[in-house]
Amino acid sequence: MARALIDGFGRRITYVRLSVTDRCNFRCRYCMGEEMHFLPKAQLLSFGEIETIVDLLIDRGVTKLRLTGGEPLVRRGILDLVQRLGKRLGHGLEELTLTTNGSQLVGAAQGLAASGIRRVNVSVDSLDPAKFAQITRRGRLGQVLGGIAAAKAAGLRVKINMVALRGINEDEIVPMLRWCGAQSFDLTLIETMPLGEVSEERIEHYLPLDCVKCDLAQQFTLVPSLARTGGPARYFDVAELGVRLGLITPISNNFCAGCNRIRVTATGTVYGCLGHEQKVELRDLLRADDRSAAETALDALIAGKPQRHRFDIASATPAVERHMSVTGG
Ligand code: SAM
């Protein structure tokens with residue numbers, strides 16, 4: 001292996017989130033505006049270019065790759081890409097995973113499993129069809145639940161991601177936890193983050209998860225778990241339900257000291273941090289077949305990786321202009 005990717009704070013980068021498209025068929029209110037402008041498809045990395053970046057990163061010690069977006073499963077030919085990337089499993093790559101809104105899983109689940117994907121994260125913010133439609137603006141809960149069932153039937157382990165939103169779905173956290181228990185899914189709750197303009201003030205719906213945890217602890221036995229999935233969540237085993245509960249607390253409890261991640265956008269921009277502008281552009285270097293310049297750019301990114309994000313959920317302006325769907329969630 002070539003030199004490992006170790007940043008100025010001694011953090012080793014082993015985990016990459018790679019966005020395959022900024023497009024999404026949903027418009028979740030905390031994530032996007034109603035009207036979004038997406039990139040022309042010609043600007044997206046080709047599958048071959050994605051493979052080249054992935055190989056470069058594996059060569060530098062990345063062992064875990066999560067495909068995301070936008071909605072990764074709306075990219076045309078995505079199962080072909082997953083199959084191609086799956087061939088790296090056992091050859092430097094230890095895990096290939098995917099985060100999805102679940103809407104396309106009915107058609108994709110078998111193919112994902114056949115390519116070596118073992119776990120998927122599916123975002124479900126509500127189990128109430130009307131509220132689900134309200135939050136996502138365009139989503140149909142039944143379609144997503146059908147997709148989740150298909151994933152389960154294909155042998156994929158499912159983790160549900162739920163952005164906890166005050167006044168919107170806070171009353172659904174316990175029902176969601178119980179549903180996950182009944183389905184043998186894990187559940188991760190996420191605090192809303194100030195990324196890109198949306199039509200609402202994020203502070204209005206910000207729900208600190210330390211409060212949620214205290215409330216849950218009144219009803220359930222939460223046993224701190226040492227489990228790690230390589231991501232930012234802290235885990236608790238909910239003894240009564242057999243569910244592993246993850247809490248992602250970018251606002252209330254900063255976890256940047258343990259950050260092991262970088263993010264690659266669908267156009268080959270690599271960001272050192274979700275909440276900063278610091279980046280390098282790899283696409284043109286790859287198109288010029290300049291591997292050494294790409295390595296130098298990557299080294300510069302890692303050397304300058306910010307120590308931590310500075311999210312201020314109360315600020316009227318987001319921490320960065322780009323939405324999570326651009327950086328890759
Ligand atoms: N389309 C896929 C999905 O729905 O999971 C993958 C991309 S989405 C950007 C990844 C995750 O980011 C989802 O769980 C979504 O709820 C979350 N997300 C998006 N914007 C967010 C924000 N501003 N704050 C917190 N989580 C956000």
Side-chain angles (χ1 to χ4, degrees), residues 13-21 47 50-51 53-55 57-58 61-75 77-124 144-162 176 179-190 225-238 241-246 248 260-264 328-329:
I13 308 307
T14 54
Y15 181 4
V16 169
R17 296 196 179 193
L18 189 145
S19 169
V20 296
T21 176
F47 289 171
I50 289 176
E51 287 181 287
I53 291 191
V54 167
D55 286 339
L57 292 166
I58 292 175
V62 167
T63 56
K64 176 169 173 176
L65 178 65
R66 175 175 297 282
L67 301 179
T68 182
E71 171 48 43
L73 297 182
V74 302
R75 173 123 186 214
I78 183 69
L79 290 181
D80 177 32
L81 175 68
V82 175
Q83 193 186 35
R84 288 158 72 166
L85 294 176
K87 297 206 166 81
R88 275 83 177 164
L89 287 164
H91 303 278
L93 190 62
E94 289 169 10
E95 189 173 31
L96 177 61
T97 58
L98 179 98
T99 299
T100 173
N101 64 26
S103 64
Q104 314 300 308
L105 269 177
V106 165
Q110 289 284 354
L112 296 176
S115 296
I117 289 200
R118 297 285 166 260
R119 301 189 293 140
V120 288
N121 289 357
V122 187
S123 304
V124 185
V144 170
L145 295 183
I148 291 173
K152 199 174 168 182
L156 297 170
R157 272 178 48 212
V158 175
K159 180 161 75 70
I160 302 296
N161 279 346
M162 176 185 190
M176 184 70 86
W179 180 75
C180 286
Q183 299 278 338
S184 306
F185 299 154
D186 291 338
L187 172 67
T188 291
L189 301 175
I190 306 172
S225 163
L226 294 178
R228 284 282 167 272
T229 57
R234 282 178 299 135
Y235 289 98
F236 299 86
D237 290 321
V238 185
L241 302 177
V243 177
R244 182 168 297 151
L245 172 70
I248 299 188
N260 59 353
R261 294 174 290 291
I262 55 173
R263 294 170 196 258
V264 183

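As the structure is a prediction and not an experimental result, all values here were calculated from the model.
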Asker: Identify the two heavy atoms, one from Leu85 and one from Leu93, that lie closest to each other, and give their separation to 0.1 Å.
Answerer: O-CD2, 4.1 Å

Asker: Residues in side chain to side chain donor-acceptor pair (under 3.5 Å) with Asn121, at least two apart?
Answerer: none

Asker: Holding to salt bridge (Lys or Arg N to Asp or Glu O under 4.0 Å), I want the full list of residues that pass it with Arg75, two or more places apart in sequence or in another chain.
Answerer: none

Asker: Distance alone, cut at 3.5 Å: any donor-acceptor contact between the side chains of Glu71 and Thr100?
Answerer: yes

Asker: Can you give me the closest heavy-atom contact between Ala233 and Gly246, atom names plus distance?
Answerer: CB-CA, 4.2 Å

Asker: Can you tell me how far apart CG (Leu89) and CD1 (Ile58) are? Round to the nearest 0.5 Å.
Answerer: 8.0 Å

Asker: So, the side chain of Asp237 versus the backbone of Ser225: is there a donor-acceptor pair under 3.5 Å, distance only?
Answerer: no

Asker: Could you state the interatomic distance from CZ (Phe47) to CG (Leu81), rounded to the nearest 0.5 Å?
Answerer: 5.0 Å

Asker: Apply the test side chain to side chain contact (heavy atoms under 4.5 Å, CB included) to residues Val264 and Ile50: give CA-CA distance (whole Å), side-chain angles for both, the deciding distance (0.1 Å), then the verdict.
Answerer: CA-CA 9 Å; Val264 183; Ile50 289 176; over 6 Å; no

Asker: Of all the heavy-atom pairs spanning Gly328 and Ser19, show the shortest one and how long it is.
Answerer: CA-CB, 3.9 Å

Asker: Sequence neighbours left out, what pairs pass salt bridge (Lys or Arg N to Asp or Glu O under 4.0 Å) with at least one residue falling in residues 96-114?
Answerer: none

Asker: Mind checking whether Met162 and Val124 have side chains closer than 4.5 Å, heavy atoms only?
Answerer: no

Asker: Compare every heavy atom of Pro232 with every heavy atom of Ile248, then report the nearest pair and how far apart it is.
Answerer: CD1-CG, 3.9 Å

Asker: For Thr99, what residues pass the side chain to side chain donor-acceptor pair (under 3.5 Å) criterion, not counting sequence neighbours?
Answerer: Arg66

Asker: Taking side chain to side chain donor-acceptor pair (under 3.5 Å) as the test, write out the residues that go with Arg261, two or more places apart.
Answerer: none

Asker: With a cut-off of 3.5 Å and sequence neighbours excluded, list every side-chain donor-acceptor pair involving residues 113-120.
Answerer:
residue, atom, partner, partner atom, Å
Ser115, OG, Gly111, O, 3.1
Arg118, NH1, Ala113, O, 3.4
Arg119, NE, Glu95, OE2, 2.7
Arg119, NH2, Glu95, OE1, 3.0
Arg119, NH2, Glu95, OE2, 3.1

Asker: State the CZ-CD1 distance between Arg17 and Ile262, to the nearest 0.5 angstrom.
Answerer: 12.5 Å

Asker: Compare all side-chain heavy atoms of Leu57 with those of Leu18 and state whether any distance is below 4.5 angstrom.
Answerer: no

Asker: Sequence neighbours left out, what passes salt bridge (Lys or Arg N to Asp or Glu O under 4.0 Å) with Arg157? Give chain and number order.
Answerer: none

Asker: Where do Ile160 and Cys180 come nearest, in terms of heavy atoms and distance?
Answerer: CG1-SG, 3.8 Å

Asker: Partners of Phe185 by ring-ring contact (aromatic ring centres under 6.0 Å, His included), sequence neighbours excluded?
Answerer: Trp179

Asker: Compare all side-chain heavy atoms of Lys159 with those of Arg244 and state whether any distance is below 4.5 angstrom.
Answerer: no

Asker: Once you round to the nearest 0.5 Å, how far does OG of Ser103 lie from CG of Leu145?
Answerer: 12.0 Å

Asker: Kindly compute the distance separating NZ (Lys87) from CG (Leu96), expressed to the nearest 0.5 Å.
Answerer: 12.0 Å

Asker: Report yes if some heavy atom in the side chain of Leu105 is under 4.5 Å from a heavy atom in the side chain of Leu112; otherwise report no.
Answerer: yes

Asker: Heavy atoms only: give me the nearest Ile78-Pro72 pair and the separation to one decimal.
Answerer: CG1-O, 3.5 Å

Asker: Name all residues meeting the side chain to side chain donor-acceptor pair (under 3.5 Å) criterion together with Lys152; count only those two or more places apart in sequence or in a different chain, and write none if there are none.
Answerer: Gln183

Asker: With sequence neighbours excluded, tell me which residues meet side chain to side chain contact (heavy atoms under 4.5 Å, CB included) with Thr63.
Answerer: Thr14, Glu94

